[in-house]
Peer 1: 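Sharing a structure with you now.
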Amino acid sequence: MSLRIHNTLTGKKEDFVPLREGKAGMYVCGVTVYDYCHVGHARAAAVFDTIYRYLQYKGYDVAYVRNFTDIDDKIINRANEENVPWQAVTEKYIRAFHEDMGRLNVAAPTHEPKATETIPEMIALIASLVEQGRAYELDGDVYYAVKTFKDYGRLSGKKIDDLIAGARVEVNERKRDPLDFALWKKSKPGEPFWESPWGRGRPGWHIECSAMSRKFLGDRFDIHGGGKDLVFPHHENEIAQSRGATGHAPVKYWIHNGFVNIDKEKMSKSLGNFFTIRDILGKYHPEALRLFLLSSHYRSPIDFSDRNLDEAEKTLDRYYGFFAEAGKTLEPEKDKFDPVSEDFMQSHALFKKFDEAMDDDFNTAAALAHMGETLRALNALKDEFVLSAKNPVKMAERPYLYIKLEAGMAALRETGNVLGLFFADPADYKTRKQKKKIEELKLDAAEVERLIAARNSARAAKAWDQADKFRDELARMGVVLEDTPGGTIWKIK
RNA sequence: GGCGCCGUCGCCAAGUGGUAAGGCAGAGGUCUGCAAAACCUUCAUCCCCGGUUCAAAUCCGGGCGGCGCCUCCA
């Protein structure tokens, strides 16, 4: 079975054939660290994290680079506003980024370079472009001469002439062409700077990624990812720079994720219609956010709403409910059965379906559907297993039910892990969630426990009317009861 | 204005030529003192019009509606 990837460059799904067998090099544009990340950033992070995990699951040795843009106008502005050194800004938001990613269970990439650590490589790249006549200096600034690159516009499907016609009036009229973009910017007094052959300055945005990807992955690598909004001009410019300098098309497969929308509109800083990751995690379990982000195909827009987040959380409850119940059911019986063989585990039907879905351009939505079907089947199996203990006729089936359950659970966990899900301890998941809800509703847990105890006394006396009164009272508080063999448990509606 | 994407059940969402996955909500049922949870059953012909084809949600043309990129943006 082979992996197929939708390549922005060709607009088609193509078989994934890495440049070096068994290995994969992937570069994903990270964030500019001048503010907290919003849900749109979370989507890109979760999507490419999932791709990273899936490639590893498929057996590839993956070099995954995700950068930080830690020098740019917005950072300088922010530093000036807050009257702090620019490094204070970037350090603060890099830390915040790592916190957010940790909570979303986004794995650390193999390399996480900062632009400011890659300045010499950028200068070398720019120098090479200048030497080849593809870039020119203008009073301390260096621009890329777009017209020297005949394939400009190929990635984004744009024609140079159309672009020129539609180009805005530039502040800098000295550029040879309105499309030419800055590779190096002369620093203004008081601004951070690095020494270069063109004087003191700092890098343009696009050159960073060309330099950082090249530094860690070489002149050519397999996958380059980022949000759809980066296709033009950022990635177009990257191609122009890298290919202009090295002569190689740098990237084999370009992957772009769709936006997170709010009321059909793109979530973005400039529109102001965004929620930061931390805003959302105050209200929802981080895993619910991650599940939500993976519940649509990565290229489709996804609509952010409480309703959708609620649904994701509910789905998650089902999984964790099963893991908790199945764990409780199987654990005490483990000694009675032979351990399940690795072969049997790996032969679980879910894997084939999961792989098929993911092989088809990382179709996480379809993969999750298969996992959901498996979950339902396993719940049924679990009930059957519990009942079989009391039924002499079914006794003989128990070993079989047992290994089916164990294997199914393992399959769910393993596929879940590829999606970065189910990483919490089931008991922990529930407790944490409960705690949060109690705080939200300002419930008195002791009072709840007291009412439950009262109800259970009534039940013991078969005073059903009395018992129902307590139930109703709890219901008014938002508490729902579940009478299980192990006692009465409760949760918040 | 240029380029591009999208429109599938009340909601979310798969499906790129072979006769509509999955989830939520709803309805009925099993279980339960009653519930809850879980499970079972049930629940759409795919924005409109025309065309190609034995066959189209899927391809082509034309509408209508929504969105994105063209400027910093995941």
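Lettering follows sequence order; numbering is per chain, from 1.
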Peer 1: Considering only B:G68, B:A36, B:A14, which nucleotide approaches the side chain of A:Ala365 most closely?
Peer 2: B:A14
Peer 1: Counting only Watson-Crick or G-U wobble pairs whose two distances fall under 3.5 Å, which nucleotide matches B:C9?
Peer 2: none
Peer 1: Ignoring backbone atoms, establish whether A:Arg376 has a side-chain N or O less than 4.0 Å from OP1 or OP2 of B:G23.
Peer 2: yes
Peer 1: Map A:Val480 and A:Thr315 onto RNA chain B by nearest heavy atom, then report which one ends up closer to the 5' terminus.
Peer 2: A:Thr315
Peer 1: Mind checking if A:Gly258 touches a base, just sugar-phosphate, or nothing, with heavy atoms under 4.0 Å?
Peer 2: base
Peer 1: Nearest whole angstrom, please: distance from the P of B:A38 to the OH of A:Tyr319.
Peer 2: 13 Å
Peer 1: Please report the distance separating the C1' of B:C5 from the corresponding atom of B:C24, rounded so that it comes out in whole Å.
Peer 2: 27 Å
Peer 1: Let's test this: given Watson-Crick or G-U wobble pairing with both distances under 3.5 Å, identify the partner of B:G4.
Peer 2: B:C67
Peer 1: Separation of A:Glu325 atom CD from B:C31 atom P, in whole Å?
Peer 2: 20 Å
Peer 1: With a 4.0 Å cutoff (strictly under), does any side-chain N or O of A:Lys159 reach OP1 or OP2 of B:C70?
Peer 2: no
Peer 1: Heavy atoms under 4.0 Å, any strand shown: does A:Asn257 hit a base, just sugar-phosphate, or nothing?
Peer 2: base
Peer 1: Give one of base, sugar-phosphate or nothing for A:Leu230, where a contact means two heavy atoms less than 4.0 Å apart.
Peer 2: sugar-phosphate
Peer 1: What nucleotide among B:A21, B:C34, B:A14 has an atom nearest to a side-chain atom of A:Asn363?
Peer 2: B:A14
Peer 1: For B:C54 and B:A14, measure between their P atoms and round to the nearest Å.
Peer 2: 33 Å
Peer 1: Rounding to a whole Å, what distance do you find between A:His370:NE2 and B:G22:P?
Peer 2: 9 Å
Peer 1: Using the P atom on both, measure B:C11 against B:C47 and round to a whole Å.
Peer 2: 13 Å
Peer 1: Less than 6.0 Å separating the ring centroids of A:Phe354 and A:His348?
Peer 2: no
Peer 1: What contact category does A:Met267 fall into here, base, sugar-phosphate, or nothing, at under 4.0 angstrom with non-hydrogen atoms?
Peer 2: base
Peer 1: Can you check the A:Asp161 CG to B:C3 C1' distance for me, whole Å?
Peer 2: 14 Å
Peer 1: Quick check: any donor-acceptor pair below 3.5 Å linking the side-chain of A:Asp483 to the base of B:C34?
Peer 2: yes
Peer 1: The side chain of A:Glu482 is closest to which nucleotide in this list: B:A37, B:C3, B:A74?
Peer 2: B:A37
Peer 1: To the side chain of A:Ala44, which of B:G22, B:A74, B:G2 is closest?
Peer 2: B:A74
Peer 1: I want to know whether A:Tyr27 and A:Phe216 have ring centres closer than 6.0 Å.
Peer 2: no
Peer 1: With the side chain of A:Lys158 defined as its heavy atoms from C-beta on, choose the nearest nucleotide among B:C69, B:A25, B:G22.
Peer 2: B:C69
Peer 1: Side chain of A:Cys29, heavy atoms from C-beta onward: which of B:C34, B:A74, B:G33 has the nearest atom to it?
Peer 2: B:A74
Peer 1: Between B:A38, B:A21, B:A74, which nucleotide gets closest to the side-chain atoms of A:His38?
Peer 2: B:A74
Peer 1: To the side chain of A:Ala366, which of B:A14, B:A74, B:C39 is closest?
Peer 2: B:A14
Peer 1: Can you figure out which of B:G33, B:C72, B:A74 approaches the side chain of A:Arg459 most closely?
Peer 2: B:G33
Peer 1: If only side-chain N and O atoms of A:Lys266 are considered, is one of them under 4.0 Å from the OP1 or OP2 phosphate oxygen of B:A74?
Peer 2: no
Peer 1: Would you kindly give the NE2-to-C1' distance between A:His297 and B:G22, to the nearest whole Å?
Peer 2: 17 Å
Peer 1: Would you say the side-chain atoms of A:Asp72 and A:Tyr34 include a donor-acceptor pair closer than 3.5 Å?
Peer 2: no
Peer 1: Does the plane of the ring in A:His256 sit parallel, tilted or perpendicular to the ring in A:Trp254? Use 30° and 60° as the thresholds.
Peer 2: parallel
Peer 1: Looking at A:Asp229 and B:G68, is any side-chain donor or acceptor paired with a base atom of the opposite kind under 3.5 Å?
Peer 2: no
Peer 1: When the P atoms of B:C69 and B:A74 are compared, how many Å lie between them, rounded to an integer?
Peer 2: 12 Å
Peer 1: How about A:Phe181 and A:Tyr143: are their ring centres within less than 6.0 Å of each other?
Peer 2: no
Peer 1: A:Ala380 side chain: which of B:C39, B:A74, B:G33 is closest?
Peer 2: B:C39
Peer 1: Roughly how many Å is it from CZ in A:Phe304 to C1' in B:A74, rounded to a whole number?
Peer 2: 15 Å
Peer 1: For A:Asp468 and for A:Ser268, locate the closest nucleotide of RNA chain B by heavy-atom distance; then report the residue assigned to the nucleotide nearer the 5' terminus.
Peer 2: A:Asp468
Peer 1: Using atom NZ of A:Lys462 as one end and atom C1' of B:G33 as the other, report the distance to the nearest whole Å.
Peer 2: 7 Å
Peer 1: Could you run through nucleotides 4-12 of chain B and give me one letter per nucleotide, 5' to 3': B if any protein heavy atom sits under 4.0 Å from the base, S if only the sugar-phosphate is that close, - if neither?
Peer 2: ------BSS
Peer 1: Mind checking side chain to side chain donor-acceptor pair (under 3.5 Å) for A:Arg290 and listing every partner two or more places apart, or none if nothing turns up?
Peer 2: A:Asp49, A:Thr50
Peer 1: So A:Phe259, base contact, sugar-phosphate only, or nothing? Heavy-atom distance under 4.0 Å.
Peer 2: base
Peer 1: For this output row, return yes or no: ring centroids of A:Phe275 and A:Phe304 closer than 6.0 angstrom.
Peer 2: yes
Peer 1: For B:A37, what is the paired nucleotide under Watson-Crick or G-U wobble rules, both distances under 3.5 Å?
Peer 2: none
Peer 1: Check the phosphate of B:C34 against A:Arg455, side-chain N and O only, distance under 4.0 Å to OP1 or OP2. Yes or no?
Peer 2: no
Peer 1: Distance criterion of 3.5 Å, no angle test: do you see the side chain of A:Arg43 paired donor-to-acceptor with the base of B:A74?
Peer 2: no
Peer 1: Is there a donor-acceptor contact under 3.5 Å linking the side chains of A:Asn237 and A:Tyr152?
Peer 2: yes
Peer 1: Provide the distance between the two P atoms, one in B:U45 and one in B:G10, to the nearest whole Å.
Peer 2: 10 Å
Peer 1: Looking at A:Asp472, I'd like to know if its CG atom is crowded, meaning that more than 12 non-hydrogen atoms belonging to other residues, nucleotides or ligands lie closer than 6.0 Å.
Peer 2: yes
Peer 1: Using atom P in both nucleotides, what's the gap between B:U58 and B:G50 to the nearest angstrom?
Peer 2: 14 Å
Peer 1: Check the distance between B:C67's C1' and A:Asn273's CG and give it to me in whole angstrom.
Peer 2: 13 Å
Peer 1: Could you check whether A:Val28 gets within reach of a base, just the sugar-phosphate, or nothing at all, counting any heavy atom under 4.0 Å?
Peer 2: nothing
Peer 1: Step through it carefully: locate the ring centre of A:Tyr64, locate the ring centre of A:His111, and say whether they are under 6.0 Å apart.
Peer 2: no
Peer 1: Please name the residue in the list A:Arg4, A:Lys353, A:Lys13 that meets the salt bridge (Lys or Arg N to Asp or Glu O under 4.0 Å) test with A:Asp360.
Peer 2: A:Lys13
Peer 1: Base, sugar-phosphate, or nothing: which does A:Arg318 touch, judged by heavy atoms less than 4.0 Å apart?
Peer 2: sugar-phosphate
Peer 1: Say you pick atom P in B:A13 and the same atom in B:U32; how far apart are they, in whole Å?
Peer 2: 39 Å
Peer 1: Pairing check on B:A21: which nucleotide meets the Watson-Crick or G-U wobble criteria with it, both distances under 3.5 Å?
Peer 2: none
Peer 1: Do the ring centers of A:Tyr429 and A:His285 come within less than 6.0 Å of each other?
Peer 2: yes
Peer 1: Pick the P atom in B:U30 and in B:G66, then give their distance to the nearest Å.
Peer 2: 49 Å
